[in-house]
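Counting convention: from 1, in listed order, for ligands and their atoms alike. Atoms considered below: every heavy atom in the structure, side chains included; atoms not considered: hydrogens, waters and symmetry mates.
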Amino acid sequence: MKQYGLLGEKLSHSYSKIIHSFVFQSLHQEATYSLLECKEEELEKYIEQLKQGYYSGFNVTIPYKKTIMQYLDCIDEKAKAIGSVNTVYVKNGKAYGTNTDYDGFLETLKYYKVDVQNKECYILGTGGASLAVNQALQDLGGICHFVSRTPKKNDISYKELETKNIDVLVNTTPVGMFPNVGVSPVSKEIAEKSGKVIDIIFNPLETQLLKDAHSKINGLYMLVMQALKAEEIWQGQSISIPYEAVVAYIDIK
Ligand code: ATR
């Protein structure tokens, strides 16, 4: 039986096992997906086990999306440009890394019909997820700016954000995420004056930021799509399971 897994530090709140199990069931595949909570020192061992055929693929999450890269034989252009890997697969005994968070966010923009071409896009936060979001926005022609609590180089501060004309605002910070709900990374005024507001948080589905902005664009589509894209890579086939079917199965309230 093929074995897949998620490498990360704290995984008790992860939805990945349930999403991937649903995919295996839908494809009539005999496979398992495990939540592999591990320490950084163990990453190399898991990649060795992948190459030896014990595992068939991994997803990678916080805090290892960057650190995993040093143990891989090949990293595709997309993941290199973003600077992080969330999906690992094996081909001819070599370990490959790619980034399907990028695809998940790109698909989110299409699903919700957010036109970003030549639009002023502001990305809140400068962590791992912000890089995939930035790359997708740029590839669709958006003009991107990072907003940081401690701005470096071309970043702007939250104070400066107040003066900007914001076409698209994307939250990649953990502010508003369970269990610290009811808070937003920006003021209600900024949320209201922004054209399109996207929060990549999916727990809760409606963050304070989305409430303030009267927006429905949360991180659930990105979560599901990054998983389906990883499956397409592992299975070597396109997967046409509808988003709605996955969401109904995982039953996130
Ligand atoms: P990562 O491990 O990738 O940094 P994270 O904890 O989800 O992931 O945080 C993502 C980004 O959100 C952080 O890099 C941070 O960016 P800045 O330091 O540039 O502002 C931002 N962030 C984290 N905690 C935050 C908080 N409490 N308030 C506002 N921004 C925060």
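The aromatic rings of Y243 and Y111 sit perpendicular, their planes meeting at an angle over 60°, well past the 30° parallel limit.
Shown are D73, L72, L50; of these, the side-chain contact (heavy atoms from CB on, under 4.5 Å) with K94 is made only by D73. Checked options D199, T207, N218; the residue passing with N171 is D199 (criterion: side-chain hydrogen bond (donor to acceptor under 3.5 Å, both in side chains)).
Using a cutoff of 4.0 Å between basic side-chain nitrogens and carboxylate oxygens, E189 and K193 are not scored as salt-bridged. Between E48 and K45 there is no salt bridge, since no side-chain nitrogen of the basic residue lies less than 4.0 Å from a carboxylate oxygen of the acidic one.
Atom 2 (O) of ligand 1 is never approached by the protein to below 4.0 angstrom, counting heavy atoms only. Put simply, atom 8 (O) of ligand 1 has no protein non-hydrogen atoms near it, under 4.0 Å away.
Y33 and Y4 have their aromatic ring centers separated by at least 6.0 angstrom.
For the pair V175 and ligand 1, the shortest N or O to N or O distance does not fall below 3.5 Å. For a threshold of 3.5 Å applied to N or O pairs, the pair formed by G125 and ligand 1 contains no separation below that value. Ligand 1 has no N or O atom lying under 3.5 Å from any N or O atom of T172, backbone or side chain.
When G127, G128, S148, G176 are ranked by how near their heavy atoms come to atom 19 (O) of ligand 1, first place goes to S148.
Atom CG in N86 sits 16.0 Å away from atom OH in Y64 (nearest 0.5 Å). In this structure, F24 CZ and Q235 CD are separated by 6.0 Å, a value rounded to the nearest 0.5 Å.
The T126 neighbourhood of ligand 1 comprises atoms 11 (C), 14 (O), 16 (O), 17 (P), 19 (O), with distances under 4.0 Å to a heavy atom of that residue.
Summary of contacts: the protein heavy atom closest to atom 6 (O) of ligand 1 is P174 CG, 3.9 Å. Counting only heavy atoms of the protein, atom 27 (N) of ligand 1 lies nearest to R149 NH1, 3.7 Å. Considering only non-hydrogen protein atoms, atom 21 (C) of ligand 1 sits nearest to T173 CG2, 3.8 Å.
In this structure, P63 does not count as a contact residue of ligand 1, since none of its heavy atoms falls inside 4.0 Å of the ligand.
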